[in-house]
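Everything on this sheet refers to the single structure shown next.
Chain letters run A, B, ... following the sequence lines, proteins first, then strands; residues in each count from 1.
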Amino acid sequence: MNLRLYLWQRGTAALLAPLILIHLAVIFYATRQGLTAADILSRTRGSIAWALFYGAFVAAAAIHAAIGLRNILAEWGGLGGRTLAFCAVGFGLALALLGLRAVAAVVLP
Amino acid sequence: MAGTAHREPARPDLAVSIWRGDAGGAYADYRVPQRANQTVLDIVTFVQREIDPGLSYRFSCRVGMCGSCAMTVNGRPRWTCRTHVSKVAKNGRLTIGPLANLPVIKDLATDMAPFFQKWQAAKGVFSPSKTRHDAIEPIKPSSPERVAADAGVECINCGVCYAACDTVAWNADYLGPAALNRAWTLVNDVRDTGGKERLRAVSAAGGCHACHTHQSCQQHCPATLNPTASIAGLKRATVQAWLKGEIEP
């Protein structure tokens, strides 16, 4: 890991820390209040705030996890060079695509 | 009866396994008489002088100053000269091998070249800002920079932290705790002029950011230094240098 990757990983971690706490609070609230899927969708659909919140969450998680996986593949898997970059970037893109698809499913009207 | 007062009680021999050969070698078993206040280096020396003169190992000062006698003793890297057998032998058994994470030359002697090459790669060489004709620069011992440098400057390059480090084992490019600790002492040396180059060197792949903060170096350092703290200092210093535009990410 070099300084660039370190900055990205620590930066996304700093962003994820409050986002995860809010995410957990939202889960806690939704289950305690007994919200149905329809109740939740009525709050999230068309909401720019929820789109930005979970969009940022997905982007930060995809970058953070891809860098972490890159370290694991390099140190424990012995990968390097283009193979390592391909695996890490591919994993990050897959996470971003899956996450953004889920965000779109709940925020698009 | 003064003579009998100093006679040592009979002790069973120690069962000692010592690595023989290069990386493809194996442990050989020896029986070594147990003595009071015996160090692991005494054991190795006994085997070489009394049992097998072909045994290769490295030592010099025998008092924990030179850093040349480090070996793996019962699975842990240690200075053998400062390790009493009574503290580490398990059921009268000792297993002594070469330091981990370094190429084995023969038996207990490792090739320290990669260790010192990484020291060079981390810009661990002092870059003076003055000549011998200039006045000596006054350094206040209580200044934060000097306090930080003092905390790491007593390293004697024994390689124990390097052998104990998981990241060194997993990442061949990682500079290791000793080289990074040295870099940190120089970053805090106000007389040194190599700061930016050094921060660039330790910011590259395999530099300080590769450290996982397992703290094995701190746990094993016989000089009770804390290279993990030095590496954390380098991480802060490199980020600050980047924020100031002094180094590129």
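- Here the side chains of A:L3 and B:V202 are not in contact, with every heavy-atom distance at 4.5 Å or above.
- The contact between B:A210 and chain A is made by backbone and side chain atoms together, counting heavy-atom distances below 4.5 Å.
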Under 3.5 Å, what donor-acceptor pairs does chain A form with chain B?
residue, atom, partner, partner atom, Å
A:L3, N, B:S203, O, 3.0
A:R4, NH2, B:P249, O, 3.4
A:E75, OE1, B:H212, NE2, 2.7
A:E75, OE2, B:H212, NE2, 3.0

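- With a 6.0 Å radius and a threshold of 12 heavy atoms from other residues, nucleotides or ligands, A:I27 has its CD1 atom above the threshold.
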